[in-house]
Amino acid sequence: MSYEKSFIEVQFPVSKVSKESYKERKANLGQTLTGLGKWWGRKPLILVRAAILGLLMPASNDPKKDRDIFLKILTMDNEGLWHRKNKSIPMKVLYKNLTHSERQRYFENEDADKPKYKKGITTAEKNALQRLVFDRFSYDEKLEYCLRPEEVKNISEEEWKEINSHLGTSASNIQELIRELGQRKFGHTPIIGDCFSGGGSIPFEAARIGCDVYASDLNPIAMLLTWASLHIAGASDDEIEELRAFQKKIYDLADKQILEWGIETNERGDRADSYLYCHEALCPECGYKVPLSPSWIIGKGTKTVAILRENEENGFNIEIISNASEDEIKHAESLSTIKNGNMYCLHCEKSTPIPSLRRDRRGEDGTVEFGLRKWQKHEFIPKPEDVFQERLYCIRYVHEYIDDRGNLKTERYFVAPNENDLKREEKIARLLSERFVEWQDKGYIPSLLIEEGYNTTQPIRERGWAYWHQLFNPRQLLLHGLLVELIDREAKTQNERVIGLLGINKCCNWNAKLSRWNSDGANEKGQEVFSDQALNTLYNYLSRTLLSLNTTWFFNINNYDFNFNGNLYVKDGREINDNCDVWITDPPYADAVNYHELSEYFLSWDKNLLQNTFPDWYTDSKRILAVRGTGESFNNSMVEIYRNLANHMPDNGLQVVMFTHQDVKVWAELSMILWSAGLQVSSAWNITTETNANGARKGNYVQGTVLLVLRKQSSDTVAYLDELFPDIESEVKAQIDSMRLIDDKDDPNFSDPDYLLAAYAASLKVLTSYKRIEGIDVQYELSKARNANEDSPIVNIINEAVKIAYDYLIPTGFDKYVWKTLTPKERFYLKGLELEKQNIYQLSAYQELARGFGVREYKNILVDAKANTARLRTATEFGTRGLGDSSNFGSTLLRNILVAIHIANKEEDSIKGRNWLKTELTDYWNMRSSIIEILKYIAPLEFIENMGHWQKDAHMASILKELVENDGV
């Protein structure tokens, strides 16, 4: 049975949605849901909104009009962008983008650095000038001056008339439209389900745009965030004000207690905002007690450093110097006591490997036995005999004063702790000891044992911390415990308890022994624990005070008042028994993040309060049920979940599976899972949401989210493997042709990586359209332990589709015969230039090209490999490096042509460039047509606006082309 196709099954504006997603990512704490708390891998809300609209909106016989209407609904068309514009274009920018006659009309001078409007110019004329220049901007340039789609009010009545005319609806806002489209498709308001709700992006955005919602997650912390996204981020302004009043009440009560205790205030009456601690260990060579830190630079902006000086007690005093001289800063830099994974003793100048210091040893069976003593449940400070001791070495105080003009001023200063500061440390330990047992019993501070796992073994192995509370020092435990006690006592409503839980979790993310101190000049402050996806132990760390937790406790709540209608459950996806029209899921895949382990960090604090707030929820991470890993167990779990989802949607229902695009093997594995679950691939789109990373991966963190669109598998047909390839070739070419046909030539939506992804989808579309393929045993393939060099039949099918696509995607105007004679790296380079022509600088695009051409190493061909500024080296930037490398790019024809261009420019003699080719290429005369074709392709780069770095080399390519063409004539 066939059903009306949805817009997303035919086309999707990947370029614009990618740009909007990236804009949302760059908003950081300005994002709607990030203020609620830490979760890993939240999907951009605009991506969710676009996916839902694409699923519900039907595809007509007029694809261009469909696209225009789709963009109009999302305010991503020209009028929508103008409607979203909230910043004025600066006068210099206006002037730069005007013609000479326009400049004369609006400006009284011709100074581009200091343009000045003519006298008498009206506000209406200034607005018209803003619109004139705005319309000339590229999409990226326009976004710099625009709000995000979610931040704007409704579009005009005229816009809705055009939308309704095309869709046959009568809506006046997006909520009404979504409900009408759902009524037409499913007979009721559409129900959107997500059984991996995580941070709540999918259910929140679905509810906000008018859908009914089903949301569940195995993890209670995930469901806490999802609940908060719908009931707090979805609350009214009045409700938010009440919650902010509750936050202030708790903060003020805590502040009163902290002041009474006197643990953050010095003799001058100044409040501290930061305490810096380090670990200390005995040097096994000389017995000196060595403070441990990879750097003793405290603040580059304030020029504050710690200087270690030997004392008479076989240890070191630590002196804090602000406004340090260059010599003092250099001296501090030389005092590092952690170097290359070793402890370096400044007294005996000997290094000790950290594993040796910890007394780790290898057992007879080859496994490592960790040497540190495991701390006991009642302990919160190290025992004197422990390897790692803890030491307060620096405090930043805040001094308030009235200046000569009567204004309140603030200055911050760093000092080494004095005798009174150390007494305050003792008082904190005493205050905590008095409350410790009671607070653990009541759940105000953690009492849970750390269950060993991939991430959670690290604190046990590296510090001996066996219980969650030991990841916090006494100051942190006392402060957080006080806040939890006050929440438990003062919260009267469910919303107040939730806002308290969220606040505690945020404090724990920013105030623990895992909180790194940042010494950057403009940013001397602490970093969050989960700045990456791990529980990294530190040698020195920051402890915040209530004063500096102010901005953490009073977190940013971006609320949107809407009516939530749906169900929320803490539940395993295999146990779902609610029906949804559409399932949109972002499943855990291939151990990208160990949510079940990392979330236990927060759950250890939340357990009791969470149970009181949601009595129907369980309060453990359900590790044993978590879908994780790879291999047969993981695959079977995924099949079971997705089969259950398919069984709980109507015959015309749809699914979107979001996942991070990694490689063909990931695609193959996931496609077999979904095929085995009774689903058929309908289309696939890749949205890039790239950022330069601080994440767990080193270098660049490239996030490309694939939307895999699926329907129920309804065919009973069985096919043979060798019968598939003609169908796949036909489908790949048809898919690429259809995308080219609907693409906007002036503002391209699709690039080569998108066409290649379409080839992936086309092959899987053909494959999953059959009930069974003779020669492919899906259950066997999913259960098979595959080595790194062994490919499944599905991988081979996808690779064949990619080859078809690459043969079909020859650069515009390039000779087909010459193209086929080029090596993979030459093709990679020339197609990379085509990406640059299209203003595409995402590293993921080059990664996709490399995969398609089978190029393993390509970073040396790029001059920049950052996530959003990646581009190829020009001939001049290459110079002669790597020339002649027979195993690489250096021995190819193209590489020699680039050298010829470089030499011609360097020597300012085009003849020398041509002579290089004649001398170095043994078959120059037979290669002339290929040389001319490549030079002809490079030469026009001289005139492409965004490729100014190519201007000189491209101009020389044009000259060399003429020389080679006329050589011997």
Side-chain angles (χ1 to χ4, degrees), residues 29 34-40 199 219-222 224-225 228 247 250-251 254 258 274-275 277 380 428 432 436 439-440 442-451 455-456 458-459 463 465 467-488 497-517 525-538 541-556 594-610 613 619-621:
L29 290 178
T34 53
L36 296 176
K38 181 68 182 180
W39 196 256
W40 302 267
N219 193 299
I221 296 298
L224 173 67
L225 291 168
Q247 286 179 315
I250 298 299
Y251 185 87
I258 293 293
S274 301
Y275 288 84
Y277 295 81
F380 53 82
I428 287 168
L432 181 60
F436 189 81
W439 276 10
Q440 279 201 330
K442 290 184 175 181
Y444 296 163
I445 59 176
S447 60
L448 294 175
L449 187 73
I450 300 174
E451 185 179 342
N455 289 117
T456 49
Q458 190 173 353
R463 293 293 181 271
W465 299 330
Y467 290 80
W468 285 108
H469 72 272
Q470 289 153 3
L471 274 62
F472 302 84
N473 72 13
R475 180 178 292 279
Q476 294 160 341
L477 288 170
L478 186 65
L479 178 53
H480 296 177
L482 173 62
L483 289 169
V484 179
E485 181 182 46
L486 291 169
I487 295 164
D488 190 40
R497 286 193 292 272
V498 169
I499 208 77
L501 278 165
L502 297 177
I504 286 297
N505 288 352
K506 289 178 74 70
C507 288
C508 291
N509 188 32
W510 287 92
N511 191 34
K513 292 183 188 178
L514 312 185
S515 302
R516 181 172 59 86
W517 175 256
K525 63 178 186 180
Q527 297 294 319
E528 60 178 326
V529 170
F530 290 112
S531 55
D532 63 9
Q533 300 158 357
L535 292 165
N536 294 317
T537 60
L538 304 170
Y541 65 89
L542 162 73
S543 185
R544 292 174 181 266
T545 66
L546 187 66
L547 184 67
S548 57
L549 279 176
N550 182 295
T551 54
T552 305
W553 176 256
F554 294 101
F555 54 86
N556 195 25
N594 292 294
Y595 303 96
H596 53 289
E597 292 183 14
L598 299 179
S599 64
E600 289 171 359
Y601 177 85
F602 298 115
L603 198 56
S604 68
W605 284 90
D606 294 354
K607 192 173 180 64
N608 283 32
L609 194 53
L610 193 64
T613 308
T619 55
D620 66 79
S621 66

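The model shown is predicted, which means the values in this text are computed figures rather than measured ones.
Nearest approach of Ala254 to Leu486, heavy atoms of both residues: N-CD1, 3.5 Å. Nearest approach of Leu542 to Ser274, heavy atoms of both residues: CD1-CB, 3.6 Å. The two residues Ser604 and Leu448 have their closest heavy-atom pair at CA-CD1, 3.9 Å. Asn455 and Leu535 make their closest contact through O-CD1, 4.1 Å (heavy atoms, listed as atom of the first residue, atom of the second, distance). Nearest heavy atoms, Trp439 versus Leu477: CZ3-O, 3.9 Å. Pairing each heavy atom of Phe472 with each of Ala512, the nearest pair is CE2-CB, 3.5 Å.
For the residue pair Asn473/Tyr275, the side-chain donor-acceptor check at 3.5 Å is not satisfied. Using a 3.5 Å distance cut-off with no hydrogens or angles, the side chains of Lys506 and Thr552 do not pair a donor with an acceptor.
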Open item on the list: Pair Ile221, Trp39 - check side chain to side chain contact (heavy atoms under 4.5 Å, CB included), show working.
Closed with: CA-CA 9 Å; Ile221 296 298; Trp39 196 256; 4.0 Å; yes
Next on the checklist: Would Leu482 and Glu485 count as a side chain to side chain contact (heavy atoms under 4.5 Å, CB included) here? Give the steps.
Outcome noted: CA-CA 5 Å; Leu482 173 62; Glu485 181 182 46; 4.1 Å; yes
Quick one: do Leu609 and Asp488 satisfy side chain to side chain contact (heavy atoms under 4.5 Å, CB included)? Show the steps, please.
CA-CA 7 Å; Leu609 194 53; Asp488 190 40; 4.1 Å; yes
Practice task
Decide yes or no on side chain to side chain contact (heavy atoms under 4.5 Å, CB included) for Tyr251 and Leu546, but give the supporting numbers first.
Solution key: CA-CA 8 Å; Tyr251 185 87; Leu546 187 66; 3.6 Å; yes
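Atom CG of Asn509 sits about 4.5 Å away from atom CZ of Phe602, to the nearest 0.5 Å. If you take CZ on Arg516 and CG on Leu514, they are separated by 12.5 Å, rounding to the nearest 0.5 Å. For the atom pair CG (Leu549) and CG (Leu479), the distance works out to 5.5 Å, reported to the nearest 0.5 Å. Asn511 contributes atom CG, which lies 7.0 Å from atom OG of Ser548 (distance to the nearest 0.5 angstrom). Taken to the nearest 0.5 Å, the CG atom of Leu598 stands 7.5 Å off from the CD atom of Gln533. Here the straight-line distance linking atom OH of Tyr444 with atom CG of Leu478 works out to 14.0 Å at 0.5 Å rounding.
Side-chain contact between Asn556 and Thr34 is absent, with no heavy atoms from C-beta onward closer than 4.5 Å. Side-chain contact between Cys508 and Val529: absent, with no pair of heavy atoms (C-beta onward) separated by less than 4.5 Å. In this structure, Ile445 and Val484 have side chains that are not in contact, with every pair of non-hydrogen atoms separated by 4.5 Å or more. Within the 4.5 Å cutoff, the side chain of Trp553 has heavy atoms near those of the Ile250 side chain. Under the 4.5 Å side-chain criterion, counting only non-hydrogen atoms from C-beta, Thr613 is not in contact with Leu224.
Remark: the backbone N or O of Pro446 is paired with a side-chain donor or acceptor of Gln440 at under 3.5 angstrom. Put simply, the side chain of Lys38 gets close to the backbone of Phe530: a donor and an acceptor are under 3.5 Å apart. In terms of modelled atom types and a separation under 3.5 Å, the side chain of Trp468 and the main chain of Trp605 share no donor-acceptor contact. A donor-acceptor distance shorter than 3.5 angstrom exists from the side chain of Arg544 to the backbone of Trp510, with no hydrogens or angles considered. A donor-acceptor pair is defined here as one N or O able to donate and one able to accept, closer than 3.5 Å; no such pair exists between the side chain of Lys513 and the backbone of Tyr541.
Screening Glu597, Glu600, His596, Glu451 for a side-chain hydrogen bond (donor to acceptor under 3.5 Å, both in side chains) with Ser621, the sole residue that qualifies is Glu600. A side-chain hydrogen bond (donor to acceptor under 3.5 Å, both in side chains) with Ser599 holds for exactly one of Asn505, Asp606, Asn219; it is Asn219.
Between Phe380 and Tyr467, the gap from one ring centroid to the other reaches at least 6.0 Å.
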